[in-house]
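Please read these numbers as outputs of a predicted model, since none were measured by experiment.
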Amino acid sequence: MPEGDTVWQAARRLHDALAGKVLTRSDLRVPRFATADLTGRTVLDVTPRGKHLLTRVEGGLTLHSHLRMDGSWRVYAPGQRWNGGPAHQIRAVLGTADRTVVGYRLPVLELMRTTDEDRAVGHLGPDLLGPDWDPGLALANLLKDPARPLGEALLDQRNLAGIGNIFKSELCFLLGVTPWLPVGELPADRSVKLPELARKLLESNRERPVRNTTGRRGQDLFVYGRARRPCLRCRTPVRLADQGDGSRERPTYWCPTCQPGPAPARSSGGLPRTAR
């Protein structure tokens with residue numbers, strides 16, 4: 001699933017392609033908005049909000065989209081072949097005189113009044129890459145449910161907006177605790193630095209084509225995607241387990257040596273261990 005940094009990149013690409021230009025083509029391929037026509041209107045801006053994209057058009061309209069697991073927006077020049085997937089996966093086409101943007105596999109696509117944007121994104125906590133960022137509020141949100149596992153609390157966009165599975169695993173590694181540690185048990189010195197550490201991770205990656213949390217070339221991530229491979233710090237095999245209620249896959253990676261604390265009794269990447 002795209003996380004805050006990649007959604008920020010997508011918003012910038014769309015903004016560069018559309019903002020300030022008049023739409024010459026508008027095709028929303030979802031039943032509810034199939035008859036909506038935005039042609040002739042100027043695109044004002046494309047703004048990211050956590051993992052959401054808000055494309056604002058003159059006349060007080062906003063096209064709200066969310067990429068979730070595998071949605072994407074592609075930008076094409078005139079005559080360029082569209083290559084984001086088969087035609088039946090296209091959910092939106094917006095064109096100007098010199099660019100066409102195509103939305104593939106968008107699970108969320110809705111046209112609304114700009115004044116109603118809070119209906120789509122008003123529930124979100126402070127945006128790690130947004131002008132509303134408030135580290136104190138983000139930490140207070142996380143600590144409202146002190147018994148909740150840290151990894152689950154970080155993924156809850158109502159607490160702070162922009163973290164997904166990758167940054168969740170990497171952030172817990174950098175904090176030196178397992179994602180299953182109750183957030184209220186996180187040592188105070190680490191709680192205080194958590195919000196700004198999270199922001200630093202996303203800010204440092206929003207301009208990068210390849211996400212990196214280690215500062216090492218060729219070894220981009222500390223634990224995510226490294227099940228059974230040696231930890232970059234201590235060489236202990238990294239472990240993998242799902243986290244959450246089972247309603248969706250939440251692959252979670254951690255080093256049992258560098259990240260002491262509670263963990264599943266069984267996991268991939270090492271011998272069964274007893275939860276502590």
Side-chain angles (χ1 to χ4, degrees), residues 1-8 48-52 121 123-208 211-216 220-226 231-234 238-244 250-264 276:
M1 176 184 291
E3 306 196 19
D5 56 336
T6 51
V7 173
W8 186 92
R49 182 72 172 86
K51 299 179 184 180
H52 300 251
V121 297
H123 65 288
L124 298 175
D127 186 344
L128 284 154
L129 295 178
D132 70 320
W133 173 242
D134 183 336
L137 178 58
L139 183 57
N141 290 343
L142 288 168
L143 294 175
K144 282 180 181 177
D145 185 356
R148 192 176 191 185
L150 175 60
E152 293 182 24
L154 289 173
L155 288 180
D156 189 336
Q157 303 299 295
R158 296 169 297 182
N159 291 332
L160 67 173
I163 291 179
N165 277 330
I166 297 176
F167 283 121
K168 173 193 77 173
S169 293
E170 295 295 293
L171 184 57
C172 288
F173 178 84
L174 291 170
L175 291 170
V177 297
T178 76
W180 289 270
L181 181 77
V183 66
E185 294 182 20
L186 187 65
D189 60 326
R190 282 174 265 188
S191 289
V192 169
K193 71 178 184 179
L194 185 160
E196 286 302 336
L197 179 58
R199 179 174 172 85
K200 180 180 179 181
L201 284 180
L202 268 72
E203 274 196 329
S204 64
N205 280 284
R206 67 182 181 181
E207 302 279 357
R208 291 174 175 161
R211 187 178 284 126
N212 184 290
T213 61
T214 66
R216 308 178 190 180
D220 297 307
L221 302 174
F222 282 110
V223 289
Y224 191 88
R226 293 182 55 82
C231 171
L232 295 180
R233 282 185 178 169
C234 72
V238 171
R239 290 181 176 167
L240 164 66
D242 280 334
Q243 183 175 32
R250 295 291 195 188
T252 302
Y253 299 81
W254 80 103
C255 170
T257 298
C258 295
Q259 297 171 257
R276 291 187 282 162

| query | What distance do Asp220 atom CG and Leu232 atom CG have between them, rounded to the nearest 0.5 Å? | reply | 10.0 Å
| field | Full working for side chain to side chain contact (heavy atoms under 4.5 Å, CB included) between Leu174 and Leu201 | value | CA-CA 10 Å; Leu174 291 170; Leu201 284 180; 3.9 Å; yes
| task | Could you walk me through whether Leu160 and Leu142 pass the side chain to side chain contact (heavy atoms under 4.5 Å, CB included) test, one step at a time? | result | CA-CA 8 Å; Leu160 67 173; Leu142 288 168; 3.8 Å; yes
| query | Taking side chain as C-beta onward, heavy atoms only, is Leu202 less than 4.5 Å from Glu3? | reply | no
| field | Nearest heavy atoms of Trp254 and Ala263, plus distance in Å | value | CZ2-CB, 3.7 Å
| query | With respect to Asp5, which candidate in Arg211, Arg206, Arg208 satisfies the side chain to side chain donor-acceptor pair (under 3.5 Å) definition? | reply | Arg211
| Stepwise, does the side chain to side chain contact (heavy atoms under 4.5 Å, CB included) test hold for Leu181 with Leu175? | CA-CA 11 Å; Leu181 181 77; Leu175 291 170; over 6 Å; no
| query | At their closest point, which heavy atom of Pro195 faces which heavy atom of Trp133, and how far apart are they? | reply | O-CZ2, 3.5 Å
| Is a side-chain donor or acceptor of Glu170 paired with a backbone partner of Leu221 at a separation under 3.5 angstrom? | no
| query | Taking C-beta and beyond as the side chain, do Arg49 and Asp132 meet within less than 4.5 Å on heavy atoms? | reply | yes
| task | Rounded to the nearest 0.5 Å, what's the gap from CD1 on Ile163 to NZ on Lys51? Could you check? | result | 8.5 Å
| field | Interatomic spacing from CG in Leu240 to CD in Gln243 - rounded to 0.5 Å | value | 11.5 Å
| said: When you compare the side chain of Leu124 with that of Arg158, does any pair of heavy atoms fall below 4.5 Å? | reply: no
| query | Okay, side chain of Gln157, backbone of Gly50: is any donor-acceptor separation there less than 3.5 Å? | reply | no
| message | Measuring from atom CD1 of Ile166 to atom CG of Asn205, what distance do you get when rounded to the nearest 0.5 angstrom? | response | 9.5 Å
| Nearest-0.5 Å distance that lies between atom CD in Gln259 and atom CZ in Arg239 | 11.5 Å
| message | Between Leu197 and Leu171, is there a side-chain heavy-atom distance shorter than 4.5 Å? | response | yes
| Would you say the side chain of Asn159 lies within less than 4.5 Å of the side chain of Arg148, judging by non-hydrogen atoms? | yes
| Would you say the side chain of Trp8 lies within less than 4.5 Å of the side chain of Glu207, judging by non-hydrogen atoms? | yes
| query | Can you tell me if CZ on Arg233 sees more than 12 non-hydrogen neighbours from other groups inside 6.0 Å? | reply | yes
| query | Which heavy atom in Cys234 sits nearest to a heavy atom in Thr257, and how many Å separate them? | reply | SG-CB, 3.7 Å
| Student check: side-chain heavy atoms of His52 and Val7 closer than 4.5 Å | no
| field | Considering all heavy atoms, the nearest Pro126-Leu137 contact | value | CG-CD2, 3.8 Å
| request: Using the six-membered ring wherever Trp is involved, compare the ring planes of Phe222 and Phe173 and label them parallel, tilted or perpendicular (cut-offs 30° and 60°). | output: parallel
| query | Between Ser169 and Pro251, is any pair of side-chain heavy atoms under 4.5 Å apart? | reply | no
| request: Quickly, which of Leu128, Thr213, Leu154 forms a side chain to side chain contact (heavy atoms under 4.5 Å, CB included) with Phe167? Name it, please. | output: Thr213
| remark: Minimal heavy-atom distance between Cys258 and Cys255, with the atoms involved, is N-SG, 3.3 Å
| message | As an exercise, state the distance from OH of Tyr253 to SG of Cys172, rounded to the nearest 0.5 Å. | response | 14.5 Å
